[in-house]
Structure formats: structure tokens, C-alpha cells
Participant: 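Before I ask anything, here is the structure I am working with.
Both counts, for ligands and for their atoms, begin at 1 and track the order of listing. When reading the values below, keep in mind they use all heavy atoms of this one structure, side chains included, and skip hydrogens, waters and symmetry mates. One is the number of the first residue; the rest follow in order along the sequence.
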Amino acid sequence: MTTALFSHSASQLHDPGIHHPESPHRFEAIMRALSEPVFDELDRRESPEIGREKLHWAHTEEHVSEIMRAIPATGYVALDGDTVVCKHSGEAALRAAGGICAAVDAVMNKDVDNAFCLSRPPGHHAERHRAMGFCLFCNPALGAYQARYEHGVERVAVIDFDVHHGNGTQDILWDDPNMFYGSSHESPLFPGTGSVGETGVANNILNCPLPSGGGSYEFRKAMDDYIFPAVQSFKPGLIIVSAGFDAHREDPLASINLEDEDFGWVSRRIVELADELCERRLVSILEGGYNTDALARSVALHVMALMNATD
Ligand SMILES: [Zn+2]
């Protein structure tokens with residue numbers, strides 16, 4: 001298997017302020033973990049900036065202009081209580097969105113089997129009209145539209161195992177019967193969406209809320225009994241993963257008790273699904289994960305699964 005790693009130093013420069021959980025240390029910790037010899041075979045590539053016109057696949061003109069206008073020359077600007085930008089955040093967000101589009105290109109062109117995008121800021125809370133929950137642009141939805149509009153992929157499935165519901169991805173894909181969004185997430189928890197009754201325009205949204213205190217059993221059951229069979233029925237031409245690692249038991253922002261190995265398990269299962277359904281075409285992008293040690297270990301297992309590597 002050839003796996004690409006898309007990233008850019010701008011991801012590390014995006015700084016939402018001291019004590020913010022979505023910190024540049026997350027990027028550093030993951031990069032350190034991915035410098036181990038087992039990752040020597042990664043095809044490391046630089047994330048380009050997305051063309052502004054492509055942002056409108058997922059966002060209103062007003063939203064895009066507001067974000068870019070808000071970027072300060074110095075200091076910090078809070079877009080809401082959680083979502084803060086500094087002078088590097090515009091470039092970081094454009095490269096996070098551009099990275100997933102370039103990863104989709106690499107996979108669709110068969111340059112590589114699959115790809116992981118090590119990006120900040122994350123994306124799955126950004127709705128069509130607004131930034132939210134540390135997210136500026138909805139990277140997974142933009143990747144899905146890159147596959148449709150640049151490569152003619154009819155159906156794209158997004159699997160989101162971040163502990164928070166991806167309200168932004170759901171919002172953007174809701175009306176599109178050829179886009180599937182499946183999420184496991186703790187409930188009740190920020191952002192408050194993601195009930196089983198939210199099913200999209202054509203049952204193309206599948207939410208699997210997990211109870212606070214749940215762990216490996218509940219998570220694996222949600223995936224095996226609901227999300228994976230739904231993806232199989234949907235028959236996507238590409239799978240995109242919103243890879244958040246904040247369902248880890250050591251994570252400070254939530255109360256699901258996954259172990260490192262649960263992330264290895266879910267990643268291997270998604271690789272198998274991509275193998276079965278869409279000629280291995282799989283693009284994953286970083287979302288949350290706020291204990292940097294647990295995050296780095298879990299991302300390492302995720303990327304090893306993409307590479308089909310073992311310890
Ligand atoms: Zn999260």
C-alpha cells in the first residue's frame with residue numbers, strides 16, 4: 001500500500017491562543033510520532049491552498065469573506081466562544097481544505113492508495129454559513145465535492161469517528177442524496193446535534209450517538225452494526241474519514257473510553273471497506289484529539305492501518 005501524508009507548516013502556525021485545547025502542540029506531537037522508521041515509506045507531500053472558488057461548494061460567499069476579513073494582522077480574534085484565529089489561520093485553513101482536495105486528486109489519479117491529511121484547523125463543525133467549534137471550513141465536505149466535480153465520482157461516503165458530532169458536514173451534505181455522512185459521537189455533548197432522527201434528505205445521514213461513559217463495545221457495535229453496513233449499501237466511489245481521536249479515554253473534552261487499539265481497529269476496518277467497495281480509495285483528515293500523547297499514539301495506529309503496516 002502506498003500512503004500519502006499531506007501537511008504544511010502553516011498548520012502548526014495556526015494558534016488559537018494559550019490554553020486553547022486545539023493547540024499547535026497537537027501537530028508537533030503527531031509529526032514526532034510519524035518520524036519513526038515504520039513511517040519511512042509515507043509519501044510526504046505539501047498541502048496546497050484551496051482555490052477560493054472551491055470553498056463555495058460548501059460555504060456561502062458571505063461566510064468565506066467573513067473568515068478572511070476576520071484574520072488579524074497581530075493578536076487574536078474570536079469568531080465565537082471556541083473558534084479563535086491569528087494571522088496565520090487564514091493560510092492554515094486554506095491549506096487544510098486544499099490538502100484534502102490534493103489528497104483526493106492523488107487517490108483518484110492512483111498516485112497512491114490512500115492518504116492522511118495532518119491539518120489544522122479541523123473542519124467538521126464548520127457549517128455552510130458559519131465557523132464553529134474550532135473549525136473554519138468544512139474540509140471533509142470540500143474533499144467530497146472535489147471528488148465529484150474534479151473526478152466525476154457519483155457517491156462519496158464520509159465516516160466520522162470524532163467524539164463530537166460533525167454538525168457542519170451534516171449541514172452541508174444533508175440535501176445531497178449522493179453524499180453519505182455516518183457519525184459515531186458522544187451524546188449529549190457539544191454541538192448538541194446528531195440524534196438518530198436526523199437522517200438527511202434521503203436517509204443519507206446516519207447518526208449513532210454513544211452514551212457518556214461508553215467505550216470500545218459501544219463504539220465497535222455502532223460501527224459494525226450500523227455505519228459499516230450503511231456504507232456498504234451506499235456503494236461509494238470514495239471514502240473520506242473525519243478522523244478525530246477525542247473519544248480516547250485520556251481525552252479531556254469528552255467521556256468516551258476508547259483505547260489506542262480501538263483506533264487501530266476502526267482504521268483497519270475502514271481500509272477493508274475501501275478495498276471491498278471502491279478500489280481502496282480512502283482519504284482521511286485529522287479532526288479532534290486533545291491529549292497530545294494519546295492523540296499521537298492513536299494517529300500512529302491510524303496511519304499504520306492505512307499503510308497496512310504492523311509494529
Ligand atoms: Zn471532536
Participant: Short check: any N/O/S atom of D246 below 2.8 Å from the Zn ion (ligand 1)?
Facilitator: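 D246 does place an N, O or S atom closer than 2.8 Å to the Zn ion (ligand 1).
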Participant: Is the shortest side-chain N to carboxylate O distance from E218 to K221 below 4.0 Å?
Facilitator: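 Between K221 and E218 there is no salt bridge, as every charged N stays at least 4.0 Å from the carboxylate O atoms.
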Participant: Please find the N/O/S atom of H164 nearest to the Zn ion (ligand 1) and write down its name.
Facilitator: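 Looking only at N, O and S atoms of H164, the one nearest the Zn ion (ligand 1) is named ND1.
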Participant: Can you tell me if, anywhere in H185, an N/O/S atom lies at a distance from the Zn ion (ligand 1) that is smaller than 2.8 Å?
Facilitator: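 Checking H185: none of its N, O or S atoms is under 2.8 Å.
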Participant: Does D105 pair with R45 as a salt bridge, N-O distance under 4.0 Å?
Facilitator: no
Participant: Would you mind checking if E272 and R268 are paired as a salt bridge, meaning a charged N to carboxylate O distance below 4.0 Å?
Facilitator: no
Participant: Identify, by name, the N, O or S atom of D162 lying closest to the Zn ion (ligand 1).
Facilitator: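 Of the nitrogen, oxygen and sulfur atoms in D162, the Zn ion (ligand 1) lies nearest to OD1.
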Participant: Using a cut-off of 6.0 Å, state whether more than 12 heavy atoms not belonging to R52 lie near its atom CZ.
Facilitator: no
